[in-house]
Protein chains: 2
Amino acid sequence: MTNKIKDVSAKAGVSPTTVSRVLNNSKLVNEKTKRKVLQVIEEMGYIPNASAKNLRSKKTMTIGVIVTDILVSYNADIIKGIENMANSLNYKIIICDAQDQKEKEIDYLNLLYNRTIDGMILVTSTLSDQEIIKIAEQGYNVGVIGRNIDHDLVSCVYNDNGKAVQEVIDHLVENGHKEIAFISGLKDAVDSYERLEGFIYALKRNNISFNPDLVDNGDFSEYGGYQAIKRMIAKGQSFTAVFAANDEMALGVYNAFKELDIKIPEQVAVIGVDNIRVCSYVSPRLSTVAQPKYSMGALMTEKLIDQMNENKYTSSRTFKVSSTLLIRESSDYKI
Amino acid sequence: MTNKIKDVSAKAGVSPTTVSRVLNNSKLVNEKTKRKVLQVIEEMGYIPNASAKNLRSKKTMTIGVIVTDILVSYNADIIKGIENMANSLNYKIIICDAQDQKEKEIDYLNLLYNRTIDGMILVTSTLSDQEIIKIAEQGYNVGVIGRNIDHDLVSCVYNDNGKAVQEVIDHLVENGHKEIAFISGLKDAVDSYERLEGFIYALKRNNISFNPDLVDNGDFSEYGGYQAIKRMIAKGQSFTAVFAANDEMALGVYNAFKELDIKIPEQVAVIGVDNIRVCSYVSPRLSTVAQPKYSMGALMTEKLIDQMNENKYTSSRTFKVSSTLLIRESSDYKI
DNA sequence: ATAAAAACAGAAATCGATATCAAATTATAA
DNA sequence: TTATAATTTGATATCGATTTCTGTTTTTAT
């Protein structure tokens, strides 16, 4: 039988209340009493039961994190940032791998409703803005990474996609490219849309007219990127650079060009987004847009916990972080 | 104010006990009553409070997972296996990133002691066998992945390192290699030791005498592997194949050879362990030993949960899984 | 028709902590 | 030396479910 607070209080000759106070660093207890109690706690090896504490205090010091897939390196980096920040603030995290199923994602939200967790972080969620807002409006603490939802109750940490795309296009144009293909991700992903918009805008800024035939969809997968290139070539489109909305697709692009015996970067430049590990190991090394994933996770966590504890007054709950263009061999060539 | 079980029972005209029975699928409730209660629950959108349930039932349906580093792909794969299996058995997982600090690892064990979790899975833990056994003997449920601890109370899922190493050496010998260098991981890691032992044994089986100068330590990191090769070459050792105890070090080996302008696999064969993603993207593609990481995580989880619920009688609690040698370009060459 | 067994339902205790409120003690001020 | 304030302590209610134990009703067997 493990010790309970009563056992401690009995042995220390004080009330459970006092023991509780000592445990929680209340200043409403005399220094001498405190020492005595601490000594007894030490002696008995007493450890307070978390469930009892959670029930009474209506907090679990736990936050949930829903990701589409733990293995996607973008998610893993973010999770690491979340975990480390949470840990440093004495929080724990429950990981929910939605396995790309919206249904599972919705299932996991139950952790919020049944008070297993104090708040939930959604990483590139498949839920709609409206769905997320509804959760927040019911009084639950939600944060979203990778998207900007315009609502007072939803904390967001997202990327300045526009600026990143701008940089990419400027860089390509600077290297002499005028026909730039764009491989977007899933049609309905917010990121895809934003990047496409940014793409069009960036072209305009460089006085290049937008050609819709140079845009295709690669659903964020390696094979999807491969297929997209194949389709464009089949349609007879010509281009000297490819900007893929993520690195996975860019790798698929590599495969396609290898098959077609088209040289990167001499004949075509390729740039991806995410800076996954493989980028630096493929040949030629892949230029990419790096997002501060770890920091995004950490920042989101910090802000969400602030929000949960209403610690600080924050006028805004959305935070835009910026990306960095990493120019590597795959695009570092003037045509 | 959210609804409590009392609210439901009042509205349904039954006792809280009955509602609880319905919630927990007890057969001690009449079909008609059950339907009525379910309807009220539905109407009120009642969701039982997890903390209360945990406290009373002395279970949290949560297991903890301590890893040295979430980002290491070996760990990430295992975590995915754990999460998915846990989820399918209605368990949740709390992820603990020990950031390679033993101190943190010990800290996280508190989740076990304060009953935040029902069991803990240690992935390549830095704790000693004795330390782990002690935890188990105190009545806590612990499982270990990547190591075999000989104790009734500790569940283990580990790799048949000996067999894997054997296969690697056989493969190399078959390709004409006689001077094989071995780069081990951290000196005190169990895996390293086992692999080294297996290495020596495998050489003997192939009638090759063991040369201690062809063994060096690379501490599992890319740069460590690089340094190890540099040291061997500096010492004037000659060899035609390198077996690194993990892929990271093998990548370092690649760097060293590139620098020295030594061709893989023509002049030297290289084989790693882990099958990280990069293996298939480097040039030449890296041969490696693949462990069924996802399955190991899933298996461990299944067994640990069995153990926690004393569901099944299991004569043994240790499970040895076997690896597969993936022969790729880096070693697929007869000298 | 009656005894025994099975099925169903609820009252009250309980899990183990914290919160609330009231009281006792000590310190300070007038 | 009181009156008052500040400090310290504890009794008790409470968080919200499940468990235990008891009682009632229904079914089955004889």
Side-chain angles (χ1 to χ4, degrees), chain A residues 1-38 40-41 44-62 90 110-118 309, chain B residues 1-38 40-41 44-62 90 110-118 309:
Chain A
M1 217 47 230
T2 64
N3 291 312
K4 309 187 292 181
I5 199 170
K6 268 196 172 177
D7 303 320
V8 176
S9 66
K11 192 156 176 203
V14 297
S15 72
T17 309
T18 299
V19 176
S20 173
R21 289 202 177 105
V22 171
L23 289 171
N24 293 285
N25 272 308
S26 160
K27 58 242 139 281
L28 288 89
V29 49
N30 184 283
E31 186 58 35
K32 215 170 99 191
T33 326
K34 182 172 177 175
R35 273 203 304 276
K36 170 70 186 163
V37 171
L38 283 175
V40 174
I41 287 177
M44 305 180 78
Y46 167 73
I47 294 176
N49 180 293
S51 297
K53 177 165 186 161
N54 292 346
L55 173 58
R56 186 64 245 234
S57 65
K58 292 173 182 295
K59 278 189 203 171
T60 61
M61 301 299 278
T62 307
N90 269 301
N110 207 43
L111 297 177
L112 208 45
Y113 308 145
N114 74 15
R115 309 285 172 185
T116 293
I117 57 177
D118 297 336
N309 301 323
Chain B
M1 215 48 227
T2 64
N3 290 311
K4 309 188 291 179
I5 200 170
K6 267 195 172 179
D7 303 320
V8 176
S9 65
K11 190 156 177 202
V14 298
S15 71
T17 309
T18 299
V19 176
S20 174
R21 290 198 176 108
V22 170
L23 289 171
N24 292 286
N25 272 308
S26 159
K27 57 242 141 279
L28 288 84
V29 50
N30 185 283
E31 186 57 34
K32 216 170 99 191
T33 324
K34 182 174 179 174
R35 274 203 303 277
K36 171 69 185 162
V37 171
L38 284 174
V40 173
I41 286 176
M44 305 180 77
Y46 167 71
I47 294 176
N49 179 295
S51 297
K53 176 164 186 160
N54 291 345
L55 173 58
R56 186 64 243 233
S57 65
K58 293 173 181 294
K59 280 188 201 171
T60 61
M61 301 299 278
T62 308
N90 269 303
N110 207 43
L111 297 177
L112 207 45
Y113 309 144
N114 73 15
R115 308 285 172 187
T116 294
I117 57 177
D118 298 336
N309 300 323

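Just so we're on the same page: letters track the sequence lines, and every chain starts at 1. Only a predicted model underlies this, so the values are computations on that prediction, with no experimental measurement involved.
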Could you give the NZ-to-P distance, from A:Lys6 to C:dT14, as a whole number of Å? 9 Å
Main-chain N/O of B:Pro48 paired to A:Asn114 side chain as donor or acceptor, under 3.5 Å: no
Mark yes or no for whether A:Thr60, through its side chain, and A:Asn54, through its backbone, hold a donor-acceptor pair below 3.5 Å. no
At less than 4.0 Å, is any side-chain N or O atom of B:Tyr46 found next to OP1 or OP2 of D:dG16? Yes or no. no
Side-chain atoms of A:Lys58 come closest, of D:dA17, C:dT18, D:dC15, to D:dC15
Modelled atom types, side-chain donor and acceptor of B:Asn49 and A:Lys58, under 3.5 Å: no
Axial bend angle, the helix from C:dA1-D:dT30 to C:dA30-D:dT1: five-pair end segments, nearest 10°: 30°
Verify the distance criterion only: is there a donor paired with an acceptor across the side chains of B:Ser26 and B:Asn24 at less than 3.5 Å? no
Between P of C:dA17 and CG of A:Asn3, the distance in whole Å: 9 Å
For the pair B:Thr2 and A:Arg115, evaluate side-chain contact (heavy atoms from CB on, under 4.5 Å) and give the outcome as yes or no after the intermediate values. CA-CA 11 Å; B:Thr2 64; A:Arg115 309 285 172 185; 3.9 Å; yes
Length of the line joining B:Lys53:NZ and C:dG16:C1', which is rounded to integer Å: 19 Å
How long is the line joining NZ of B:Lys59 and P of C:dG16, in whole Å? 16 Å
Applying the side-chain contact (heavy atoms from CB on, under 4.5 Å) criterion to A:Val22, which one of A:Val8, A:Thr17, A:Val29 satisfies it? A:Val29
Whole-Å distance, A:Lys32 NZ to C:dT25 C1', equals 13 Å
Looking only at side-chain atoms of A:Asn49, point me to the closest of C:dG16, C:dT18, D:dT19. C:dG16
OP1, OP2 of D:dT18 versus side-chain N and O of B:Asn24: anything below 4.0 Å? yes
Please enumerate all protein N or O atoms sitting under 3.5 Å from an N or O of nucleotides 7-12 of chain D, with distances to 0.1 Å.
unit_1: D:dT9; atom_1: OP1; unit_2: A:Thr33; atom_2: OG1; d: 2.5
unit_1: D:dT9; atom_1: OP2; unit_2: A:Asn30; atom_2: N; d: 2.8
unit_1: D:dT9; atom_1: OP2; unit_2: A:Thr33; atom_2: OG1; d: 3.3
unit_1: D:dG10; atom_1: OP2; unit_2: A:Ser15; atom_2: N; d: 2.9
unit_1: D:dG10; atom_1: OP2; unit_2: A:Ser15; atom_2: OG; d: 3.3
unit_1: D:dG10; atom_1: OP2; unit_2: A:Thr18; atom_2: OG1; d: 2.7
unit_1: D:dG10; atom_1: N7; unit_2: A:Arg21; atom_2: NH1; d: 3.3
unit_1: D:dG10; atom_1: O6; unit_2: A:Arg21; atom_2: NH2; d: 2.6
unit_1: D:dA11; atom_1: N6; unit_2: A:Thr17; atom_2: OG1; d: 2.8

Does some side-chain heavy atom of A:Lys59 sit less than 4.5 Å from a side-chain heavy atom of A:Asn309? yes
From the list C:dA17, D:dG16, D:dA17, which nucleotide is the closest neighbour of the side chain of A:Ile5? C:dA17
Integer-rounded Å distance: C:dA19 P and A:Asn54 CG: 12 Å
Any side-chain N or O of A:Lys4 less than 4.0 Å from the OP1 or OP2 oxygen of C:dG16? yes
Does any part of the side chain of A:Val14, heavy atoms only, come nearer than 4.5 Å to the side chain of A:Lys34, both counted from C-beta? no
Check the pair B:Lys36, B:Thr33 against side-chain contact (heavy atoms from CB on, under 4.5 Å), reporting the backbone distance first and the verdict last. CA-CA 5 Å; B:Lys36 171 69 185 162; B:Thr33 324; 5.6 Å; no
